[in-house]
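Here's the structure we're looking at; comments come further down.
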Amino acid sequence: MAIGFPAKYTIQKEHALKNFQAFSDVVNEAFTALGWKNLKEDQERGQIIAQIPATGSLTLGELCKVQYTSTHFILESRCILFTQFVDFGKNKRNIKSLLSIVNQSIDV
């Protein structure tokens, strides 16, 4: 369970993808499979941001930011509501769900 303002969970993983577009395709397929909405994609910054809908009554939803570099990517899930300081493990579950789908598509 993460505690902070806002509560978040971040992880960094290496990858073998050659460019941002290939990475974007994999991540967007994972977002679709999870039912997450792609809000913004910025190729210059190497970022993709998705909105995760609220499930249950513990959170009002989360944002997932994926940061790409040529050797690794950083996944971060954080609560939408800035004042929510406890996430009840939801952010970690979001990242694990995303990673399980991404790992099936790329050689991490």
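Because only heavy atoms are used, hydrogens play no part in the values below, and waters and symmetry mates are left out as well, while side chains stay in.
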Where do Trp36 and Asn94 come nearest, in terms of heavy atoms and distance? CH2-O, 3.4 Å
Measuring from Lys96:NZ to Asn103:CG, what's the distance to the nearest 0.5 Å? 11.0 Å
Shortest non-hydrogen contact between Leu34 and Leu98, atoms and distance: CD1-CA, 3.8 Å
Stepwise side chain to side chain contact (heavy atoms under 4.5 Å, CB included) test for Phe73 and Val26: CA-CA 12 Å; Phe73 56 91; Val26 169; over 6 Å; no
Smallest separation among heavy atoms of Ser77 and Glu62, with atom names: OG-CB, 3.8 Å
Rounding to 0.5 Å, atoms CD (Glu41) and CD (Gln21) come to a distance of 6.5 Å
Report the distance from atom OG1 of Thr71 to atom CG of Leu17, rounding to the nearest 0.5 Å. 11.5 Å
What distance do Lys40 atom NZ and Gln47 atom CD have between them, rounded to the nearest 0.5 Å? 7.0 Å
Rounded distance (nearest 0.5 Å) linking atom OG of Ser70 with atom NE2 of His15: 6.5 Å
Applying the 4.5 Å side-chain criterion to the ILVMFWY set and letting contacts propagate, would Ile101 and Ile11 be lumped into a single cluster? yes
Classify the ring geometry between Tyr68 and Phe20 as parallel (under 30°), tilted (30 to 60°) or perpendicular (over 60°). perpendicular
Do Ile74 and Phe23 sit in the same hydrophobic cluster, where Ile, Leu, Val, Met, Phe, Trp and Tyr count as joined when their side-chain heavy atoms come under 4.5 Å apart? no
Any donor-acceptor pair under 3.5 Å from Asn91 side chain to Ala7 backbone: yes
Under 3.5 Å, side chain of Gln67 to main-chain N/O of Arg45, donor-acceptor pair present? yes
Nearest heavy-atom approach of Gln51 to Leu63 is CA-CD2, 4.0 Å
Rounded distance (nearest 0.5 Å) linking atom CD1 of Ile52 with atom CG of Leu39: 10.0 Å
So which atom in Asn38 and which in Ile49 form the shortest heavy-atom distance, rounded to 0.1 Å? OD1-O, 3.5 Å
Write down the atom of Ile48, the atom of Ser24, and the distance for their closest heavy-atom approach. CD1-CA, 3.8 Å
